[in-house]
There are 2 protein chains.
Amino acid sequence: MAELTERAQTLLKALTERYIRDGQPVGSRVLARDAGLNLSPATIRNVIADLEELGLVRSPHTSAGRVPTVSGYRVFVDTLLSVQPLDNSMVGALKQSLDTTADTKDLVQKASNLLSDVTRLAGIVTLPQRKHSSLQRVEFLPLSEKKVLAVLVLDDKEVRNSILNTARHYSSAELQQFSNFLNAQFAGKDLDEVREKLLAELRETRETLDRMMATALEMADQVLGTAEQGSDYVLAGQTNLMGVTEFCDVGRLRQLFEAFNEKKEILGLLDQCVENEGVQIFIGEESGYQMLDECSLVTAPYTVKGKVIGVLGVIGPTRMAYERVIPIVDATARILRAALNSQD
Amino acid sequence: MAELTERAQTLLKALTERYIRDGQPVGSRVLARDAGLNLSPATIRNVIADLEELGLVRSPHTSAGRVPTVSGYRVFVDTLLSVQPLDNSMVGALKQSLDTTADTKDLVQKASNLLSDVTRLAGIVTLPQRKHSSLQRVEFLPLSEKKVLAVLVLDDKEVRNSILNTARHYSSAELQQFSNFLNAQFAGKDLDEVREKLLAELRETRETLDRMMATALEMADQVLGTAEQGSDYVLAGQTNLMGVTEFCDVGRLRQLFEAFNEKKEILGLLDQCVENEGVQIFIGEESGYQMLDECSLVTAPYTVKGKVIGVLGVIGPTRMAYERVIPIVDATARILRAALNSQD
DNA sequence: CTTTAGCACTCTGACGGGACGAGTGCTAAC
DNA sequence: GTTAGCACTCGTCCCGTCAGAGTGCTAAAG
């Protein structure tokens with residue numbers, strides 16, 4: 001692949017940019033004017049023919065211009081693209097919209113909106129994976145005759161409560177005891193570590209027949225069960241995709257939206273981006289999911305305390321303005337990280 | 001309007017049903033076969049001409065069949081419609097999917113999914129209006145140096161927490177005092193009543209300079225502020241609408257989806273249904289919102305302890321199977337009410 | 001007076017051909 | 001290596017035609 005001549009590269013770049021701009025197959029004539037090289041259309045045609053040979057462009061039909069293929073886009077984003085640095089006012093604006101006072105869920109929602117607003121495409125942000133976060137404390141409050149409210153504090157920004165149905169009534173004092181016991185045992189530990197120890201203790205304690213501890217542990221187990229939600233994401237700005245000419249067909253659009261509802265597959269795809277540091281791009285069928293056929297996905301992971309805990313990105317047509325979208329996704333990831341890490 | 005002859009009614013009914021069934025303008029020939037009356041197409045045409053005069057049907061173009069107008073639909077649903085009673089197995093299935101263990105938010109989400117799944121249209125459920133519900137208790141927990149977690153228990157199913165940023169650190173003991181004080185004062189009272197008393201006390205207490213009480217009240221005020229979210233709704237199954245032939249145009253579809261995102265207008269519409277007991281129907285432009293032009297909305301309010309606290313319903317094309325949708329909406333409202341009222 | 005048959009009329013949608021424009025590939029000349 | 005010229009191929013747009021569906025009207029039958 002590296003044996004593309006400089007000229008061929010320039011032309012592929014010009015062609016792709018042009019096609020991204022106005023969505024029409026690009027002919028040799030416009031390319032001659034557009035590319036800056038002082039060449040006649042005929043020469044251009046020769047070079048383009050080579051590109052076609054290599055599978056980087058193709059023509060939709062005999063006498064139309066050329067359109068980048070998936071490989072063409074790949075080369076374009078990997079080696080030809082000149083990303084526009086984000087101007088500072090933009091960064092400021094982004095930062096401002098993600099004020100740090102909100103809780104995690106809010107932040108994620110806002111980040112998603114932000115991405116979709118700024119790119120005019122669909123924004124997607126996974127909820128932070130909390131299984132590696134530590135348990136700060138647990139509280140139990142009596143709610144009614146046979147209901148107990150469990151409050152799980154994960155960190156400064158993340159609190160979850162769940163309602164437990166109990167076999168009998170528990171008094172405030174009893175519950176307080178439970179809380180104290182559990183906090184002494186588990187506070188500060190990782191959630192999955194807690195889970196593990198919990199099960200071990202549960203087995204052991206059953207044998208020693210310490211009713212109170214057993215109950216406390218069972219309760220804790222229940223809470224963790226409900227708290228350990230599967231991963232999920234927040235999507236925003238799907239309607240933006242309806243403006244895109246590629247999806248003028250309702251059938252296509254429907255497929256896409258149904259994929260969004262399914263979540264499983266999209267999540268699988270997003271999971272692949274977790275390892276990769278920095279911006280990652282899936283173009284069209286590269287994703288392996290054919291409902292994202294004419295879509296590209298631009299993602300970046302975000303971290304808390306150095307650990308990657310989620311992914312955010314933008315979904316749009318393959319024909320999207322990568323040079324604009326990439327820095328935006330990148331910046332948003334950094335800003336979200338900053339917002340999540342701020343401990344004020 | 002009541003001066004429709006029996007025959008005209010029968011024909012309008014047959015025509016509407018037929019049109020709902022297959023979406024094509026209905027001609028006199030099919031109507032002659034379909035309506036059960038033993039009349040020739042020619043006779044039918046005369047009657048239909050009268051209906052057109054009355055504005056109940058219209059033809060899309062000169063030599064097409066007829067289509068019901070909004071007024072036509074109105075007459076149809078108000079006086080001609082024979083709603084199918086829901087068979088019991090269906091009711092059972094509905095009940096089952098709304099198990100009562102979930103919390104309010106979950107229930108609402110599930111109800112919405114249910115509506116959309118069963119009707120194959122879009123389901124919509126407003127979140128319960130909680131401003132008339134009573135405050136069961138308040139708890140404050142220290143979270144970190146200058147953060148306090150406030151837990152607001154509204155009732156057995158509804159717990160909210162919010163994180164307060166405080167001016168200085170408060171100890172567990174202090175916070176416990178606050179909780180006790182507030183619970184003594186306000187537990188069991190309506191939320192807006194609490195709010196009112198709170199403001200009054202706040203003024204008074206400032207003068208007496210009781211620092212502790214003042215702080216407690218201020219905190220409570222903050223919590224109430226965050227807890228009193230504006231009304232909102234949960235929508236499900238929008239993708240179902242993409243299968244509907246009426247919305248084959250992406251532009252239309254987009255308008256509709258953007259209206260869903262706006263929420264304000266839809267909420268305004270739903271609010272109108274709160275007063276009305278039982279199922280209410282908006283057909284097409286009747287709603288007054290032109291983004292719902294070719295849509296109908298079938299709603300029913302749901303209650304808790306006798307008070308209407310929300311609305312649920314279905315959004316679909318005017319050409320929807322009312323006789324099926326109406327009982328489903330009705331039943332779902334009852335089932336949701338049962339689920340919300342169960343106090344086990 | 002109501003119902004019906006017959007008929008002319010109108011409109012839509014599908015099909016097909018011709019003109020046009022865009023763009024290519026090839027060849028031969030620079 | 002580059003370019004101009006030219007024949008060729010498609011896709012699109014614009015009719016004109018034709019069949020089908022359904023109407024409105026009129027005149028006859030019940």
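In what follows, every chain begins at residue 1, and chains take the letters A, B, ... in the order their sequences are listed. Source: prediction; values computed, not measured.
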>> Between B/Pro41 and B/Thr62, which residue's closest nucleotide on DNA chain C lies nearer the 5′ terminus?
In response: B/Pro41
> What are the 5'-most and 3'-most nucleotides of DNA chain D lying under 4.0 Å from any heavy atom of chain A?
Replying inline: D/dT2 to D/dG11
What integer distance in Å separates [X]:[atom1] from [N]:[atom2]?
{"X": "B/Leu39", "N": "C/dA5", "atom1": "CG", "atom2": "C1'", "value": "14 Å"}
{"X": "A/Asp22", "N": "C/dA22", "atom1": "CG", "atom2": "P", "value": "15 Å"}
{"X": "B/Arg66", "N": "C/dT12", "atom1": "CZ", "atom2": "P", "value": "14 Å"}
{"X": "B/Asn38", "N": "C/dT3", "atom1": "CG", "atom2": "C1'", "value": "12 Å"}
{"X": "B/Leu37", "N": "C/dT3", "atom1": "CG", "atom2": "P", "value": "10 Å"}

[X] side chain N/O closer than 4.0 Å to the phosphate oxygens (OP1, OP2) of [N]?
{"X": "B/Thr43", "N": "C/dT4", "answer": "yes"}
{"X": "A/Arg45", "N": "C/dT27", "answer": "no"}
{"X": "B/Ser40", "N": "C/dT4", "answer": "yes"}

> Should the ring pair A/Tyr19 and A/Tyr73 be called parallel, tilted or perpendicular, given that the plane angle runs from 0 to 90° and is split at 30 and 60?
Replying inline: tilted
> In this structure, are over 12 heavy atoms from other groups packed under 6.0 Å from A/Asp22 atom CG?
Replying inline: yes
>> Does B/Ala42 reach a base, just sugar-phosphate, or nothing at all? Heavy atoms under 4.0 Å.
In response: base
> Does the ring of B/Tyr233 carry B/Lys263 above it, NZ/CZ under 6.0 angstrom from centre and within 45° of its axis?
Replying inline: yes
> Is any NZ, NE, NH1 or NH2 atom of the basic residue among A/Glu286 and A/Arg74 found under 4.0 Å from an Asp or Glu carboxylate oxygen of the other?
Replying inline: yes
> Cut-off 3.5 Å, side chains only: do B/Thr239 and A/Arg254 have a donor facing an acceptor?
Replying inline: no
> Yes or no on side chain to side chain donor-acceptor pair (under 3.5 Å) for B/Arg58 and B/Thr69, after CA distance, side-chain angles and deciding distance?
Replying inline: CA-CA 6 Å; B/Arg58 64 189 179 81; B/Thr69 62; over 6 Å; no
>> Whether the side chain of B/Ser63 and the base of C/dC11 hold a donor-acceptor pair under 3.5 Å is what I'd like checked.
In response: yes
> Are any non-hydrogen side-chain atoms of B/Leu292 and B/Leu269 less than 4.5 angstrom apart?
Replying inline: yes
